[in-house]
Amino acid sequence: MMTDKKLPDFALTLFDSALAERKQTDTILACNEKTAAYGLALTAQQAMALANTREDTLKKTGRIEFGGVTHKLILAFCDSPYISQGNYEETLHELIDLFYSFKNETSDRVSDDTLISYMKKAFNGECRGSLELLAGNALPALARKINERRGVDPFEKLEATDD
């Protein structure tokens, strides 16, 4: 005689988590089609590591996200003259961490796409490919600008300067 058995809640949570990780990994791997033109590609193991970095950073920053921006970061930065296959994965891990940390620092007053655009312009411009300058100079300068503009239209386009 068969009876319906309900899975324990923790089993469903693990299943949901594994499914979400798999979806993130597949989305990241799909970016290889575009990034190959720039000599960049991620393995399944690297894609999984990036998905884990995203998850860890979301936990660390206390954020919840349903869609994800990892693929947007990949596609935005793949044509950077400062990224090569040798530093590709490491750079992406850092960009993911910087993105979510900055979103918290500015209380989400800048859209994902605007922030990614700013990060790319600063990274390729004034930072000359330096993640340290992006994290230590460019993003804090943008945070100050955003926080000084409280009460001003938060949807007004913000751009990196070419100083």
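What you are looking at is a predicted structure, and each value in this text was computed from that prediction instead of being measured.
- Considering every non-hydrogen atom in both C78 and L40, the closest pair reads O-CD1, 3.3 Å.
- Counting heavy atoms from C-beta on, the side chains of D97 and K60 come closer than 4.5 Å.
- Rounding to the nearest 0.5 Å gives a distance of 7.5 Å between SG of C127 and CG of L139.
- Every salt bridge (Lys or Arg N to Asp or Glu O under 4.0 Å) that D112 has, sequence neighbours left out, goes to K103.
- With Y118 contributing its side chain and A138 its backbone, the two residues share a donor-acceptor pair below 3.5 Å.
- For the pair T57 and R54, the minimum side-chain heavy-atom distance is 4.5 Å or more.
- Atoms CG and OG1, on D108 and T106 in that order, are 6.5 Å from each other to the nearest 0.5 Å.
- Not counting sequence neighbours, K34 has no partner by the salt bridge (Lys or Arg N to Asp or Glu O under 4.0 Å) test.
- Within the 4.5 Å cutoff, the side chain of L95 has no heavy atoms near those of the T70 side chain.
- Looking at every heavy atom in both residues, A49 comes nearest to E89 through CB-OE2, 3.7 Å.
- Pairs passing the ring pair (Phe, Tyr, Trp, His ring centres under 6.0 Å) check and including a residue from residues 119-138, sequence neighbours excluded, read F77-F123.
- A salt bridge links D79 and K120; the closest N-O separation between the charged side-chain nitrogens and carboxylate oxygens is under 4.0 Å.
- Scanning both residues, L98 and A135, for their nearest heavy atoms gives CD2-CB, 3.4 Å.
- With rounding to the nearest 0.5 Å, the separation of CD in Q46 from CG in N32 is 9.0 Å.
- A distance of 8.0 Å separates OG1 of T35 from CG of L75, quoted to the nearest 0.5 Å.
- Going from atom CG of N87 over to atom NE2 of H93 covers 12.0 Å, rounded to the nearest 0.5 Å.
- Between the T114 side chain and the V110 main chain, no donor and acceptor come within less than 3.5 Å of each other.
- The structure places CG of L50 at 12.5 Å from OG1 of T27, a figure rounded to the nearest 0.5 Å.
- Side chain of S80 to main chain of Y82: a donor-acceptor pair is present (N/O by atom type, distance under 3.5 Å, no hydrogens or angles).
- Around the CD atom of E90, the shell of radius 6.0 Å holds no more than 12 heavy atoms that belong to other residues, nucleotides or ligands.
- Side-chain contact of E132 with S130: a donor-acceptor pair under 3.5 Å is present, judged by distance alone.
- Taking 4.5 Å as the limit, every side-chain heavy atom of C31 sits out of range of all side-chain heavy atoms of L42.
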